[in-house]
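These notes concern the structure reproduced below.
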Amino acid sequence: MVGLIYQILELVLGGGLANSVRGWMDKVWEVLQNLFNGTNGGSGIVGDGYSAFSAVGASLLILYFFMEITSKASMDLLTFEKLVVLCIKFLVAFMIILNLKTIMNGMLELGKGIYDLAAKGMSNTTNENTFEWYTNKHPETDEKGRCVDLMNVLEEQYSGGISEFINALSIIIPGLLGYLIMFACKFVCYFTTTKNALDVCVRGWMAPIAIPQLFEDGQRSAGVRYIKGFLAATLEMTIIFLTLKLSAQFATGLQEALDGLTGAGEALFGSGYQGDINIGAIDYALSAGGLLPSLLINVVATGMVAGAGKVAHDVVGG
């Protein structure tokens with residue numbers, strides 16, 4: 001039972017959602033890079049797609065070029081100046097197709113670099129009197145990776161006689177509901193991240209067919225929109241990570257208001273000598289009323305994660 005209380009604290013109050021999703025995203029990025037660049041000097045399955053569809057892309061480019069010339073000529077709109085512009089577009093599109101693998105891999109590495117910068121910057125920010133701050137001050141862990149000092153406090157408070165059992169049970173029941181809600185939030189984040197990674201792979205594989213569509217509307221052409229869509233997909237995981245980490249910081253900023261409702265006016269993980277645990281505040285934080293503010297922030301963050309794709313497209317102007 002004490003172990004379950006620890007898990008609930010870690011997930012609901014400890015930024016566990018952001019940390020666990022980041023671990024998943026790190027693995028997803030590793031798989032993505034292997035799919036695009038291969039391992040041990042290989043080309044990767046997406047890189048093989050460039051080779052498989054490059055001939056089709058070149059054929060489509062020539063087809064679109066002559067279709068555009070024919071269309072303008074049929075309407076008596078083909079002048080020497082417009083023909084020169086079409087030839088320039090053809091050459092640009094042809095050069096892009098020749099270097100498509102380098103361009104797409106470069107955009108993937110750009111997305112990974114921005115993600116690493118965001119992860120490094122946010123990882124260096126740990127607010128005082130939080131779960132992470134407390135575990136950093138008490139780094140000793142057991143075989144399951146749990147903070148030994150916190151486990152000892154929980155064991156002392158919630159293990160023993162009937163009264164301790166009832167007290168533990170009174171916070172586990174609403175705590176389990178919060179845990180299930182957080183589990184659903186984690187599932188949505190994992191789903192969105194994995195879907196985004198697959199979107200990057202599919203867009204990379206089909207790029208040679210989409211890129212030749214560069215002859216209409218300039219920057220608003222289908223080919224340019226496709227490139228912007230691919231770049232947006234590589235940036236989406238950074239936006240997901242930032243959303244989750246910022247929500248954890250936001251929750252920390254509101255924690256003082258949550259603690260104040262207990263009447264203690266002290267932080268959960270930093271009362272007394274800046275290292276003790278406020279058991280009264282923890283009892284309230286895991287009650288039905290205390291869980292509501294913490295869960296609300298994580299549910300809102302999860303909703304924003306589901307809409308991260310729109311934000312990414314707004315960033316690149318796609």
Is there a side chain to side chain contact (heavy atoms under 4.5 Å, CB included) between L32 and M237 once you walk through the steps? CA-CA 12 Å; L32 269 178; M237 276 193 285; 3.8 Å; yes
Please report the shortest heavy-atom distance between D26 and Y115, naming the atom on each side. OD1-OH, 2.8 Å
To the nearest 0.5 Å, tell me how far E236 CD sits from T192 OG1. 7.5 Å
Hey, does F241 have a side-chain heavy atom less than 4.5 Å from the side chain of V21? no
Determine, using the 4.5 Å side-chain heavy-atom cutoff (strictly less than), whether F191 and M304 are members of one ILVMFWY cluster. no
Closest heavy-atom pair and its distance - N196, A233: OD1-O, 2.9 Å
N/O donor-acceptor pair under 3.5 Å between Y226 side chain and R203 backbone: yes
Hydrophobic cluster identity match, Y190 and F183, side-chain contacts under 4.5 Å: no
Should K310 and D314 count as an ion pair when the cut-off is N to O under 4.0 Å? yes
Hydrophobic cluster membership, with links at side-chain heavy-atom distances under 4.5 Å among I/L/V/M/F/W/Y: are I239 and V188 in one? no
Do the side chain of T234 and the main chain of L231 share a donor and acceptor less than 3.5 angstrom apart? yes
Rounded to the nearest 0.5 Å, how far apart are CG of L235 and CE of M107? 10.0 Å
Shared ILVMFWY cluster between V85 and L83, side chains joined below 4.5 angstrom? no
Co-membership, hydrophobic cluster, residues V28 and L198, 4.5 Å side-chain: no
